[in-house]
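Read the structure below first, then the notes.
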Amino acid sequence: MTMRPFEERYAAALADDDVRTGLTAFQRGWRGSRDAAIEALEQQEGRSFDELRAELAAIKDGVLADWSHYLDEFQEKAVAAGAEVTRVATPGEANAHITSVVQAAGADLVVKGKSMVSEEIGLNAHLEANGIVPVETDLGEWILQLAHETPSHLVMPAIHKRKERIAALLGQVLGREYAPDDIPTMVKAARTELRERFLASGVGLSGANALIAEGGSIMLVENEGNNRMSVALPPIHVVTAGIEKLVPTYADAMKQVRLLGRSATAQPITVYTNFVTGPRPGQQQHIVLLDNGRTAMAEDPDVAAALRCIRCGACANVCPPYGVVGGHAFGHVYTGAIGLVNTAFHHGMEAAAGPQSLCVSCGACAQACPVDIPLPVQILEVRRKVAESEVTMPAGRVTAVALGAFANRRLFGFGMRVVGVASTPLRRNGVTAVPRLLADRGPVRTATGWRTPPAVPARPARDTLKPGKLDEPPRLAAQPLAGRTVSLFLQCLSDRLAPQIPIAAAKLLRAAGARVTVPREQHCCGLPAYDSGEHDTARDMVRQTMAVLADADDVVTPASSCLAMLSHDAPHLLRGAVDEVERAQQLAGRTYDLIGYLTQGPGRLPAGSLDDGDRTPVTVHRFCQASNTLGRQDAVERFLRDVAGAPVVPLPEASECCGFGGSTSVRTPEVAEHVLDRKLGCLDRTEASIVITDNPGCILHLRGGVHASGRQVQVLHLAEYLVGRLDGAAVNAERMTP
Amino acid sequence: MTSTATGASGSSVRDRFRAGVEAASSTYLEQPDWAAVVAHVAAGTDVVALAPSLAADEPDLLVALEAAGCGIVIPDQDDPAASVADVAVALVQGELAIAETGSVLVSEHRLGDRVVTMLCRRLVQVVPADRLVDRLEGAADWLAARGGQPGFASLMTGPSRTADIERSLTIGVQGPDEVEVIVLTATTGAPTEGTA
Ligand code: SF4
């Protein structure tokens with residue numbers, strides 16, 4: 001299948017407001033019903049989602065460990081039941097074989113149930129080129145076929161299309177008028193149009209949700225009943241399935257059923273779960289088992305687990321950038337997070353390159369995936385493969401050069417000092433005032449019109465934090481850190497662009513009794529390089545950070561993203577060397593972000609100890625990776641409420657990414673803009689005038705957006721907010737001590 | 001077979017099956033025996049399509065339906081689809097009822113059996129109470145016991161539906177748009193292949 005280049009698909013998606021509006025509504029609705037369905041399942045089973053998905057993941061991994069055995073068993077049983085089984089390596093072979101089966105039957109019309117594998121191999125185009133008319137019979141697929149489009153979602157193929165457009169399309173094709181709000185009439189039209197095709201067609205094509213080795217059966221789940229009819233009625237049934245669809249037993253298939261419906265459409269089970277074993281009397285059944293890169297995936301430990309995928313689409317449903325551009329841009333044939341991984345293997349590096357930077361690394365997909373695929377890590381691995389290949393990602397070369405300079409601590413430090421001094425005239429309250437003359441011009445608007453860039457301060461945090469330079473902060477009544485030395489890891493971004501954040505963190509820790517040191521040689525944890533697919537650079541930076549912090553006891557960083565990098569990604573990056581992994585894990589064990597240190601680490605503060613009596617309501621944006629990777633839920637909210645006495649208004653979609661997301665901001669800023677918009681919209685609903693979060697990247701991004709949109713909301717790092725309460729809290733404490 | 005009288009939650013398996021059936025937008029009914037089913041069906045329609053396998057298993061059923069004034073269409077061998085295409089109501093017997101999901105497992109190997117459930121608008125599924133199992137694993141056991149024999153078995157859970165247009169739920173697409181599940185409380189179903 002020829003697909004338009006990524007840039008074109010991306011531009012088209014951005015230009016279509018319907019995509020964004022429709023998908024945002026869809027994602028919100030799905031989230032609520034899926035969460036309720038999963039909760040009900042946990043109750044029913046008396047086990048957590050994590051336990052249930054681990055069980056299904058183990059079943060799928062077990063198949064891969066003994067793949068040829070299960071393939072043989074399936075084939076033997078299917079053949080015994082009367083099927084003909086053909087294994088093919090490439091889409092070309094699959095298409096040729098299927099076409100020959102159809103031609104041998106003398107059929108010129110085939111009906112199709114929904115099948116992503118048929119999209120993967122471009123079957124329809126191949127059949128058409130051979131004079132065969134394929135008719136899609138799933139409602140969504142049928143609509144897309146009429147519109148000459150491809151699916152934008154694994155489960156809801158036409159989710160990008162609004163009902164108005166579907167009504168207009170049906171009107172045009174069927175020569176009748178359809179009211180957009182009268183969906184039942186449109187559905188009826190499909191029934192009428194398709195009914196006779198089922199009966200007239202010589203061949204029915206289907207995919208498979210599972211291939212059950214135990215009985216040689218294929219499992220097909222669906223809601224409409226079209227798949228049953230495609231399979232059951234025509235005299236020939238052709239199944240096309242990827243070889244990763246195997247499960248050993250019917251009981252295993254039932255475990256898949258339990259998680260699939262709930263993860264796909266929040267249903268405990270779909271309307272039809274069909275088990276087809278061999279052909280019916282008078283029918284032929286041909287089963288085509290496709291490799292197309294699957295063996296290569298299984299052999300690559302970076303991505304092998306992606307073969308567990310049961311194509312539920314959940315990873316798209318929770319993905320903020322997917323909600324902005326939809327599946328035609330976010331992915332290739334396979335859409336959503338899984339598409340960013342498997343496209344490289346099914347359709348090549350070129351096809352995989354474009355969408356890579358759309359991922360904000362928020363980790364939401366990994367939380368939702370019913371087979372526990374570590375999608376964010378896999379996406380970064382594929383991004384590395386793309387970066388190492390000949391193919392270029394959007395803004396790829398520029399990023400690589402910039403990262404090269406950034407990796408060099410001295411060079412970067414010097415450069416930032418020059419920019420800091422030179423930009424002094426443009427600095428206004430922590431943001432850069434872009435000269436009016438430039439602000440509305442094309443590229444400047446795309447980059448800054450929606451998010452005022454942060455100002456570069458004249459002095460980095462490390463200068464202010466030199467010994468003896470910082471005023472002594474008021475002491476808290478509670479001194480949990482008395483006698484402890486804390487090494488502050490500044491985070492490169494805050495050090496240079498938001499020095500007040502690490503400075504506030506240092507003050508707070510000292511107020512709680514700590515001696516705070518700032519190791520001088522520190523630079524960057526390696527996250528930006530890792531995120532850009534430059535893993536060698538990232539590894540160097542991790543090693544440098546490990547060396548700098550080797551002797552520190554407690555390491556505290558005001559940036560939760562650095563903690564996620566050091567605790568989760570660093571051991572992964574260093575996985576080749578056991579001793580390095582061990583040292584990385586040891587460092588991770590002593591490293592905290594601020595909220596972790598103050599709530600679970602040595603710096604635990606008693607209730608009320610930062611209460612200065614101010615009762616201005618605040619709201620909390622949860623840094624997405626803190627929720628998804630570090631497993632943190634409402635720790636910041638509880639801390640603010642209990643320790644600082646602040647009334648906290650819940651933020652809708654609190655854990656959703658704000659859009660800063662690593663390289664996305666740079667490479668595809670439009671996505672970052674729209675994701676930010678969604679976040680700001682949620683902020684508006686709280687009516688709070690202060691939003692608190694604990695990751696500097698989010699803060700710079702949110703501040704820029706708040707400033708550019710003229711909102712009157714203060715965006716504060718947890719440390720900044722708490723330092724603001726120190727004086728009052730100290731006075732309060734004195735008053736309360738007799 | 002993994003049939004138990006009460007589940008962990010204490011509610012009876014039948015209660016849970018009923019809740020599942022209703023949650024899937026089907027109608028749940030209990031009737032003592034086939035005679036009562038016949039009366040119920042005949043009261044709602046004057047012609048019904050019968051799955052050939054059911055007609056063969058329950059010959060008395062044909063007599064009873066006719067006696068109740070209800071015409072019967074059994075798909076013919078030559079063109080089964082055409083023969084039932086215009087019959088709105090169909091009657092089948094389920095192999096199993098699964099409490100966990102409110103599903104009925106219907107086995108339809110022959111084309112004649114298949115067209116009955118696929119082409120009707122209102123599908124009546126009858127399951128003897130002793131075929132009620134607690135969990136999906138009960139269906140897995142049934143399938144496994146068939147040992148890979150050719151067949152087409154479907155867990156059916158509610159009327160056909162779609163949400164493909166703006167995620168708006170619409171009942172009735174290619175399959176039936178009304179499903180009625182009747183549990184036979186006093187009768188035992190004819191033993192079928194695969195049931196232990
Ligand atoms: S990767 Fe996981 S969440 Fe995404 S479609 Fe596959 S199974 Fe579903």
Side-chain angles (χ1 to χ4, degrees), chain A residues 22 26 29-30 44 46 77 80-82 137-140 143 156-159 161-163 166 183-184 186-187 190-191 194-195 198-199 214-217 223-226 228-229 231-233 249-251 253-254 257-258 265 268-283, chain B residues 8-9 20 23-24 79-82 85 98 100-103 105 107-111 113-115 117-119 135-144 146-177 179:
Chain A
F26 160 62
W30 178 87
Q44 172 190 306
K77 292 283 166 57
T137 61
D138 170 82
L139 178 65
I143 290 168
M156 316 278 276
I159 192 67
K161 280 192 115 54
R162 306 302 299 271
K163 53 183 190 270
I166 295 173
I183 294 174
M186 293 194 254
V187 173
R191 183 184 174 110
L194 290 170
R195 178 55 59 99
F198 285 115
L199 301 173
E214 176 180 22
S217 306
N223 279 318
E224 296 179 10
N226 65 299
R228 289 164 53 67
M229 293 170 75
V231 164
L233 300 179
T249 66
Y250 291 104
M254 296 305 171
V257 165
R258 266 191 200 108
T265 49
I269 190 168
T270 48
V271 175
Y272 303 105
T273 303
N274 309 296
F275 297 88
V276 191
T277 316
R280 62 170 162 76
Q283 191 188 37
Chain B
S9 62
D79 195 350
I98 291 98
E100 176 185 346
T101 50
S103 312
L105 182 76
S107 171
E108 32 191 14
H109 184 38
R110 290 171 190 286
L111 183 57
D113 287 340
R114 298 181 185 190
V115 293
T117 59
M118 288 177 191
L119 301 181
R135 289 171 56 78
L136 285 169
E137 278 70 11
D141 290 346
W142 185 91
L143 286 157
R146 296 179 57 84
Q149 283 175 59
F152 184 79
S154 299
L155 290 164
M156 299 189 186
T157 318
S160 90
R161 65 177 66 190
T162 184
D164 270 357
I165 301 180
E166 284 198 13
R167 205 171 169 259
S168 148
L169 180 65
T170 309
I171 299 283
V173 196
Q174 301 302 344
D177 46 32
V179 173

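A quick note: this is a predicted structure, and the numbers were derived from the prediction, not measured.
Heavy atoms closer than 4.5 Å to chain B are found nowhere in A/Thr249, neither backbone nor side chain. Heavy atoms closer than 4.5 Å to chain B are found nowhere in A/Ala80, neither backbone nor side chain. For B/Ile171, no part lies near chain A; criterion is any non-hydrogen pair under 4.5 Å. Only the backbone of A/Lys161 comes within contact range of chain B, with heavy atoms under 4.5 Å apart. Using a 4.5 Å cut-off between heavy atoms, A/Glu214 contacts chain B through its side chain alone, with no backbone atom that close. Contacts of B/Thr157 with chain A are made by both backbone and side-chain atoms, with heavy-atom separations under 4.5 Å. Proximity to chain B involves both the backbone and the side chain of A/Leu233, based on heavy atoms less than 4.5 angstrom apart. Residue A/Leu139 touches chain B through both its backbone and its side chain, counting heavy-atom pairs closer than 4.5 Å.
Heavy-atom pairs under 4.5 Å with chain A were tallied for B/Glu108, B/Arg161, B/Met156, B/Arg110; the largest tally goes to B/Arg161. Ranked by heavy-atom pairs under 4.5 Å with chain A, the first of B/Ser160, B/Gly20, B/Pro80 is B/Ser160. Chosen from B/Ala81, B/Gly151, B/Gly158, B/Gly102, the residue pairing most often with chain A at heavy-atom distances under 4.5 Å is B/Gly151. Heavy-atom pairs under 4.5 Å with chain A were tallied for B/Ala24, B/Ser103, B/Ser154; the largest tally goes to B/Ser154.
Annotation: side chain of A/Thr273 is not in contact with side chain of B/Thr101 (no heavy-atom distance under 4.5 Å).
B/Leu119 CG to A/Phe198 CZ: the interatomic distance, rounded to the nearest 0.5 Å, is 10.0 Å.
Each of A/Val271, A/Asn223, A/Ile183, A/Val187 was evaluated against B/Thr162; a single residue qualifies, A/Val187, per the side-chain contact (heavy atoms from CB on, under 4.5 Å) test.
Residues passing the salt bridge (Lys or Arg N to Asp or Glu O under 4.0 Å) test with A/Arg258, sequence neighbours excluded: A/Glu45, B/Glu100, B/Glu137. Every residue meeting the side chain to side chain donor-acceptor pair (under 3.5 Å) condition with B/Glu166, not counting sequence neighbours, appears here in chain and number order: A/Arg162.
For A/Met254 against B/Ala139, the heavy-atom pair with the smallest separation is CE-CB, 3.9 Å. Heavy atoms only, all atoms of each residue included: B/Gln174 and A/Asn226 are closest at CG-CB, 3.7 Å. Residue B/Arg167 comes nearest to A/Gly29 through the heavy atom pair NH1-C, 3.5 Å, listed as atom of the first residue, atom of the second, then distance. Between B/Gly148 and A/Ala81, the shortest heavy-atom contact is O-CB, 3.6 Å.
Side chain of A/Arg280 to backbone of B/Pro150: no donor-acceptor contact under 3.5 angstrom is found. With hydrogens and angles ignored, the 3.5 Å screen pairs a side-chain donor or acceptor of A/Arg191 with a backbone N or O of B/Gly175.
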